[in-house]
Undergrad: 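Mind looking over this structure? Questions follow.
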Amino acid sequence: MHVLLLLAVVTTTVTVDSFAGFFRQPLSAPKYGTSSSLLKPSSILLHSSVTDDSAQVEPGELLSGWKGGRPLKVAIAGGGVGGLTCALAMLKRGMDVTIYERTEAFARFGGPIQFASNALSVIKAIDEDLFVRIMDRFTFTGTRACGIKDGLRANGFRMTDDSLDYVLNPDAPADWFVKFPLKQCADIFGLPYTGVIDRPDLQEILMDECRKIKSDFIVNGNGVVGYSSHGPGKGVTVNFSDGTSADADLCVGSDGIWSSVRAQMYGEEVKSSTKNKMKKQGCTYSGYTVFAGETTLSTEDYYETGYKVYIGPQRYFVTSDVGNGRVQWYAFFALPPGTKRAPSGWGGSERTDQANPEEDLVGYIKSLHEGWSDEVHYVLDNTPRESVEQRDLYDRAPELLRSWADGNVVLMGDAVHPMMPNLGQGGCQAIEDAYVLTEMLANTKTTGSIEKTLQEFYKKRILRVSIVQFLSRLASDLIINAFDTPWSPHDDKGKSWKSYLTFFWKPVLQYFIFPAQFAYLYSYHPTGSMGKLPAQLQEQWKSRHAIDSEKAFDEVQKAGQKSAGPSFFQAANAK
């Protein structure tokens with residue numbers, strides 16, 4: 001899903017109060033919270049090196065990018081997608097990397113993750129083999145119609161255009177409000193098209209590629225709980241949940257939204273929340289909870305659409321093709337935090353976590369969409385009740401006044417910039433972090449320069465990430481609070497002031513805002529143009545997708561719907 005770039009500047013429908021808290025930050029340095037009882041002598045021997053007679057002496061050991069240097073030793077907290085990608089990028093650049101993951105073992109759970117064109121470029125820049133293997137498991141959505149549909153008027157999964165013909169012609173369909181120029185913007189830069197891959201498949205690929213370089217790169221069942229940074233060139237001691245520790249040149253905190261590394265760096269308490277649950281470990285409740293489900297479903301537009309955002313009064317409903325005949329849906333509602341009806345399924349939690357195990361969750365969600373399009377109800381009617389999950393959405397304000405780094409420790413991904421899912425950029429930005437951090441460290445000459453490199457990494461990433469964070473939050477606020485069923489002269493379904501506003505925004509969104517949005521997102525592409533490759537990948541996938549989907553449809557006809565896997569949400573968030 002994608003959002004309304006630049007509306008923050010031009011719209012007058014969103015109050016200042018809705019964003020004031022999002023950007024409010026203390027004018028203070030991080031509370032690093034290091035304790036003298038945790039400090040240990042570094043095991044790293046130090047020496048000075050001089051590049052030439054006029055150069056300044058650099059403290060620390062030479063690194064492997066220079067003659068006589070040794071590999072940089074990196075400890076990564078967290079083995080999610082961001083941590084695994086970072087590990088592979090660093091291993092490919094000759095660094096000695098170890099991931100410390102708190103779960104005992106990796107299990108196959110977690111729903112599809114979206115990779116936009118910018119992330120695919122980064123993946124290819126990291127490793128060609130990784131890119132090829134991901135493409136073998138990938139489902140393209142950006143090659144097909146994606147966009148915003150009228151949640152009340154859409155009828156029968158029709159493939160219509162998004163013109164204004166319906167204003168003058170009462171017989172013209174008004175199903176599509178605006179379509180996103182995903183393919184066109186990717187073509188500008190010569191990039192592969194947006195799509196999804198199942199998170200378990202992605203994790204297996206990343207782990208396999210890492211093991212090819214270092215077989216014991218990951219340690220399970222002993223998560224990072226704290227650290228002690230010892231100063232320039234002296235490394236860091238990483239402390240684990242079992243009371244043991246390990247030394248490294250630097251530590252990368254990639255341990256998710258409830259990060260232990262961030263908790264120490266910013267003086268937070270892990271998972272601590274206010275009584276009303278509006279704040280949790282420095283993260284702010286977005287005001288929205290989301291229900292999710294998955295079904296294998298053949299519709300008339302299945303092969304012609306990627307993802308669809310149905311808008312209507314006070315809510316929106318999203319569906320996306322996620323491969324093998326499956327349709328994943330999300331229903332967003334403005335509800336107080338802790339309004340739990342469905343289990344989250346995070347980390348393989350039991351379905352008995354449902355508030356009322358006897359409640360028909362599909363029926364409940366249908367009741368909240370009374371009067372909506374038959375397309376929405378058809379998807380819900382074909383969803384196994386036991387597959388429905390729920391998640392309260394938290395994010396963080398951009399850290400404009402606090403660095404992501406403390407000495408030889410740095411944060412990345414959801415550990416420092418979790419964001420709403422509306423842009424589909426959460427995982428993409430973590431992958432960008434991993435690539436940029438790796439390239440900067442690869443050009444760091446000595447261990448004594450690591451602290452400076454980490455601060456430069458923060459400065460290089462903060463602006464782009466902040467824009468994406470802000471826009472991700474803005475999407476939900478605008479769609480729920482400022483948008484409504486578009487006005488039409490032929491019925492009474494959209495007569496509020498918001499309906500008129502939504503109607504008049506249509507050409508602005510269609511011809512200016514969305515093209516600018518996607519062009520900005522895809523503007524970061526370290527590979528440069530890939531020429532004819534994106535079109536070739538699309539054609540190879542198209543026939544494979546049809547075969548796999550038809551097989552899945554036939555199985556459903558014979559055996560009926562089956563419940564999806566145990567979680568639609570990133571397991572790292574539950575840790």
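Only a predicted model underlies this, so the values are computations on that prediction, with no experimental measurement involved.
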Undergrad: What is the distance from atom CD of Glu204 to atom CZ of Arg133, rounded to the nearest 0.5 Å?
TA: 9.0 Å
Undergrad: So, for Tyr520 and Phe518, is the gap between ring centers shorter than 6.0 Å?
TA: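 No, ring centres 6.0 Å or more apart.
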Undergrad: Return yes if some donor-acceptor pair links the side-chain N/O of Asn222 with the main-chain N/O of Asp242 below 3.5 Å, else return no.
TA: yes
Undergrad: Are Asp249 and Lys73 close enough for a salt bridge, meaning some N to O gap below 4.0 Å?
TA: no
Undergrad: Between Arg396 and Glu268, does any NZ, NE, NH1 or NH2 come within less than 4.0 Å of an OD or OE carboxylate oxygen?
TA: yes
Undergrad: Evaluate side chain to side chain contact (heavy atoms under 4.5 Å, CB included) for Thr289 paired with Leu393, printing each intermediate quantity in order.
TA: CA-CA 6 Å; Thr289 191; Leu393 297 175; over 6 Å; no
Undergrad: Answer yes or no: is there a donor N or O on one side and an acceptor on the other, between the side chain of Ser254 and the main chain of Gly83, under 3.5 Å?
TA: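 Side chain of Ser254 to backbone of Gly83, a donor-acceptor pair under 3.5 Å: yes, one is there.
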Undergrad: Whether the side chain of Thr453 engages the backbone of Met440 through a donor-acceptor N/O pair (distance < 3.5 Å, no angle test) should be reported.
TA: no
Undergrad: Ignoring hydrogens, what is the shortest heavy-atom contact between Asn408 and Gly231? Give both atom names and the distance.
TA: ND2-O, 3.0 Å
Undergrad: Could you please spell out the steps behind the side-chain hydrogen bond (donor to acceptor under 3.5 Å, both in side chains) verdict for Ser403 and Gln455?
TA: CA-CA 7 Å; Ser403 174; Gln455 295 297 336; 2.7 Å; yes
Undergrad: Taking 4.0 angstrom as the limit, do Glu128 and Lys124 come out as a salt bridge?
TA: yes
Undergrad: Using a strict threshold of under 4.0 Å (side-chain N to carboxylate O), is an ion pair present between Asp321 and Arg326?
TA: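 Looking at Asp321 together with Arg326, the answer is no, because their closest N to O distance does not fall below 4.0 Å.
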Undergrad: Say whether, by atom type as modelled, one donor and one acceptor occur between the side chain of Arg199 and the main chain of Gly80 under 3.5 angstrom.
TA: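 Answer holds: no.
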Undergrad: Side chains of Thr446 and Glu61: donor-acceptor distance under 3.5 Å anywhere?
TA: no
Undergrad: Under the side-chain hydrogen bond (donor to acceptor under 3.5 Å, both in side chains) criterion, do Lys214 and Thr98 qualify, and how do the steps go?
TA: CA-CA 9 Å; Lys214 182 182 178 182; Thr98 303; 3.0 Å; yes
Undergrad: Indicate, with yes or no, if the rings of Phe291 and Tyr330 have centres closer together than 6.0 Å.
TA: no
Undergrad: Backbone N or O of Tyr288 within a donor-acceptor pair of the Ser286 side chain at under 3.5 Å?
TA: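 Yes.
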Undergrad: Taking NZ, NE, NH1 and NH2 as the nitrogens, is one of them in Arg93 or Glu439 under 4.0 Å from a carboxylate oxygen of the other?
TA: yes
Undergrad: List the steps, then state whether side chain to side chain contact (heavy atoms under 4.5 Å, CB included) holds for Tyr266 with Arg402.
TA: CA-CA 9 Å; Tyr266 291 166; Arg402 293 190 294 192; 3.7 Å; yes
Undergrad: Tyr394 and Tyr285: aromatic ring centres closer than 6.0 Å?
TA: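 Aromatic pair counts; centres sit under 6.0 Å.
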Undergrad: CG of Leu88 to CD of Glu209: how many Å apart, nearest 0.5 Å?
TA: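 If we round to the nearest 0.5 Å, Leu88:CG and Glu209:CD are 6.5 Å apart.
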Undergrad: Apply side-chain hydrogen bond (donor to acceptor under 3.5 Å, both in side chains) to residues Ser117 and His525 and explain how you reach the verdict.
TA: CA-CA 8 Å; Ser117 300; His525 51 285; over 6 Å; no
Undergrad: Do the side chains of Asp129 and Lys212 get close enough for a salt bridge, i.e. N-O under 4.0 angstrom?
TA: no
Undergrad: Ignoring hydrogens and geometry, is there a side-chain-to-backbone donor-acceptor pair from Ser259 to Asp255 under 3.5 Å?
TA: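 Such a contact is absent between Ser259 side chain and Asp255 backbone.
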Undergrad: Verify whether one side chain among Asn239 and Ser245 offers a donor that lies under 3.5 Å from an acceptor in the other.
TA: no
Undergrad: Could you please spell out the steps behind the side-chain hydrogen bond (donor to acceptor under 3.5 Å, both in side chains) verdict for Asp395 and His417?
TA: CA-CA 7 Å; Asp395 60 6; His417 52 72; over 6 Å; no
Undergrad: With heavy-atom distances below 4.5 Å as the criterion, would you say the side chains of Thr141 and Tyr193 are in contact?
TA: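 No, side chains not in contact.
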Undergrad: Is a donor from one side chain sitting under 3.5 angstrom from an acceptor on the other, for Tyr100 and Asn220?
TA: no
Undergrad: Salt bridge or not for Asp392 and Lys340, using N-O below 4.0 Å?
TA: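 A salt bridge is absent here (no side-chain N lies under 4.0 Å from a carboxylate O).
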Undergrad: Considering non-hydrogen atoms only, spot the tightest contact between Asn118 and Leu521 and give its length.
TA: CB-O, 3.3 Å
